[in-house]
Amino acid sequence: MISANEPFERRHPSQTNLDPKTSFSYENEGSDIRLPVPAEFSFAENVAHLSTATNESLYTLREGRIYKAIAVGREDTVVEIAADGDTHLRIRFIEEPASDSPTLREGVARYVHDWFDLGTDLKPFYEMARQDPLLKQAVVSFYGLRNMGIPDLYEAICWGILGQQINLAFAYTLKRRFVEKFGRVIERAGESYWLFPTAEDLASFTPEDLSAAGMTTVKKCEYLVDTARLIASGELTKEQLLQTGDVKQAEKMLVKIRGIGPWTAHYVLMRCLRMPDAFPIDDVGLHHSIRHVLGLDTKPSKERILELSAGWTQWESYATFYLWRFLY
DNA sequence: TTCCAGGTTTCCT
DNA sequence: AGGAAACATGGA
């Protein structure tokens, strides 16, 4: 009993260079997991962000709590995530009996830690943003919001590719089709919870298979299959991207892949690799946000955005994420 | 019907 | 390296 409640502490060895924010710990309480959150954290703000997704297939919100299927290795589970006071998240396993596998429990804790970006200290960002004309309102309105990410590399790239040059509502429709055709479903208490398909799952399909399943263009289907094969074969990994050392080198690596341009590369580096200076500057949503905040008649030029973002050094991804929140 | 949407590739100088 | 055209489709 004492050992089961002992706080757990370990570090990611491969991320020490790029990611100084690597402290990670959790504790078991009964069959639940308690995950500490930083001071600059609001569960309600993050749920509010999640609730802006229309037709989302990978999580469910009910009464202010989050329900989601999570895969750890070959083990699948479904969890409920709720606030536990102001200092912790509480993760409950939606299954009987609750998991007693230490590997699964740690994997789930790590996933949630990564998903909510709990390792980042937002104090310096808020300090900078308070003086910034574009951000000062956003950081008050959305205080405690984290860059809710996409921990799985294949999922992040797919979402980038699916979302290219189409409206978000349609992008969510495509994602749902993709998930429900190629992903796995877990049933719990009469509800269905979907897991995003793995790169391995997709590597054996052809672009025509995807096209027949209702994905838009054969071109995008080619990109989705090609990327699945690259990741499944180990030719593209998160570790490789992190080891490039900086966002420019990682962007170069990603842009070599057909279907990934500068926007998708930065989107993936921001949402999945958590590079703080990833910056999808060509993003139409970002342009709309800036126009809205400054009350402009037209979208700002790239030069203007570079001027406005000059003070965001090493916080470009958080600045973008906060500005996106104005769109909903 | 037209215009736009959380772009990328290809083909040009 | 930098620019224009083709791509391709649901929503407003």
Side-chain angles (χ1 to χ4, degrees), chain A residues 49-58 134 138 142 145 147-150 153 155-178 180 196 207-208 210-228 230 236 247-248 250-275 277-293 296-306 308-309 312 316-328:
Chain A
H49 157 68
L50 293 179
S51 71
T52 63
T54 56
N55 200 18
E56 170 62 56
S57 44
L58 296 176
L134 269 178
F142 311 125
L145 175 68
N147 172 6
M148 303 248 357
I150 306 174
L153 179 60
E155 183 183 334
I157 293 177
C158 286
W159 186 228
I161 291 172
L162 286 175
Q164 284 167 7
Q165 190 59 16
I166 58 173
N167 62 67
L168 267 184
F170 184 42
Y172 277 110
T173 300
L174 290 179
K175 183 166 89 164
R176 180 176 286 280
R177 280 182 201 161
F178 189 71
E180 295 186 355
F196 198 84
E208 290 69 28
L210 274 65
S211 186
M215 296 301 106
T216 41
T217 67
V218 184
K219 273 275 176 281
K220 278 192 182 183
C221 296
E222 285 176 18
Y223 304 153
L224 295 171
V225 169
D226 287 351
T227 312
L230 277 177
L236 178 67
V247 71
K248 275 187 184 168
E251 178 190 357
K252 265 189 190 173
M253 185 182 287
L254 283 171
V255 163
K256 285 181 190 156
I257 300 166
R258 270 168 46 85
I260 299 181
W263 177 82
T264 309
H266 280 265
Y267 186 83
V268 168
L269 295 175
M270 165 183 173
R271 304 297 304 283
C272 184
L273 281 304
R274 309 310 204 150
M275 294 192 177
D277 50 342
F279 189 25
I281 192 169
D282 301 314
D283 183 76
V284 175
L286 177 68
H287 303 169
H288 283 314
S289 279
I290 293 173
R291 184 176 71 162
H292 167 259
V293 173
L296 307 174
D297 293 330
T298 56
K299 289 193 278 190
S301 68
K302 192 165 180 172
E303 291 69 30
R304 184 81 182 108
I305 298 173
L306 283 171
L308 291 165
S309 61
W312 298 354
E316 288 87 346
S317 70
Y318 256 94
T320 302
F321 198 77
Y322 268 65
L323 287 172
W324 276 343
R325 272 302 270 113
F326 281 124
L327 298 171
Y328 307 104

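Per chain, numbering begins at 1; letters A, B, ... match sequence-line order.
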At 4.0 Å (heavy atoms only), tell me whether [X] reaches a base, stays on the sugar-phosphate, or touches nothing.
| X | value |
| --- | --- |
| Y328(A) | base |
| P280(A) | nothing |
| I161(A) | nothing |
| Y223(A) | sugar-phosphate |
| H287(A) | nothing |

Interatomic distance at [atom1], [N] relative to [M], whole Å:
| N | M | atom1 | answer |
| --- | --- | --- | --- |
| dG10(C) | dT1(B) | P | 15 Å |
| dC4(B) | dA5(C) | P | 16 Å |
| dA8(C) | dC3(B) | C1' | 14 Å |

Non-neighbouring partners of [X] that pass ring pair (Phe, Tyr, Trp, His ring centres under 6.0 Å), sequence neighbours left out:
| X | value |
| --- | --- |
| F326(A) | F142(A), H292(A) |
| F178(A) | F182(A), F196(A) |
| H287(A) | none |

Contacts of type side chain to side chain donor-acceptor pair (under 3.5 Å), residue [X], not counting sequence neighbours:
| X | answer |
| --- | --- |
| R304(A) | E307(A) |
| D226(A) | none |
| E251(A) | H266(A) |
| Y267(A) | W159(A), R271(A) |

Handout entry: Where chain A begins and ends its contact with DNA chain B, read 5' to 3' at 4.0 Å from heavy atoms
Key =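 Extent of the interface on DNA chain B: dA5(B) to dT10(B).
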Practice task
Can you tell me which stems involve DNA chain B, if a stem is defined as three or more consecutive Watson-Crick or G-U wobble pairs, both distances under 3.5 Å?
Solution key: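 B:2-5 with C:9-12, B:7-13 with C:1-7 - these are the stems of 3 or more pairs that involve DNA chain B.
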Handout entry: Residue closer to the 5' end of DNA chain B, K299(A) versus R258(A) (nearest nucleotide)
Key =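 Taking each residue's closest nucleotide, the earlier one in sequence belongs to K299(A).
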Practice task
Please figure out whether V255(A) or H288(A) has its closest DNA chain B nucleotide nearer the 5' end.
Solution key: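 That would be H288(A).
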Exercise for the section: Give a yes or no on whether the backbone of G259(A) and the side-chain of Q164(A) come within a donor-acceptor separation of less than 3.5 Å. Expected result: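 Flag set: sc Q164(A) to bb G259(A) pair under 3.5 Å.
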Exercise for the section: Determine yes or no for a side-chain-to-main-chain donor-acceptor pair under 3.5 angstrom, with K175(A) supplying the side chain and E56(A) the backbone. Expected result: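 Between the backbone of E56(A) and the side chain of K175(A) there is no qualifying donor-acceptor contact (under 3.5 Å).
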Exercise for the section: Heavy atoms of chain A, cut-off under 4.0 Å: which first and last nucleotide of DNA chain C, 5' to 3', fall inside that, if you could look? Expected result: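 Counting from the 5' end, contacts occupy dA8(C) to dG11(C).
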Practice task
Would you tell me whether E316(A) and S309(A) have side-chain atoms, one donor and one acceptor, within less than 3.5 Å of each other?
Solution key: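 There is no such pair (donor and acceptor under 3.5 Å, judged by atom type) between the side chains of E316(A) and S309(A).
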Problem - Candidates Y322(A), Y328(A), W324(A), F321(A) - the one meeting ring-ring contact (aromatic ring centres under 6.0 Å, His included) with H49(A) - result: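 When ring-ring contact (aromatic ring centres under 6.0 Å, His included) is applied between H49(A) and each of Y322(A), Y328(A), W324(A), F321(A), only F321(A) qualifies.
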Handout entry: Residues from residues 163-175 of chain A lying under 4.0 Å of DNA chain C - heavy atoms
Key =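 Contacts with DNA chain C under 4.0 Å: N167(A), F170(A).
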Practice task
Side-chain contact test, heavy atoms from C-beta onward, threshold under 4.5 Å: evaluate it for Q165(A) versus V284(A) and give yes or no.
Solution key: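 No, their side chains stay 4.5 Å or more apart.
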Exercise for the section: State, with a plain yes or no, whether a side-chain heavy atom of N147(A) is found less than 4.5 Å away from one of T320(A). Expected result: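 No, too far: nothing below the 4.5 Å cut-off.
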Handout entry: Partners meeting salt bridge (charged side-chain N to carboxylate O under 4.0 Å, His left out) with R176(A) (sequence neighbours left out)
Key =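 For R176(A), the residues satisfying salt bridge (charged side-chain N to carboxylate O under 4.0 Å, His left out) (neighbours in sequence not counted) are E180(A).
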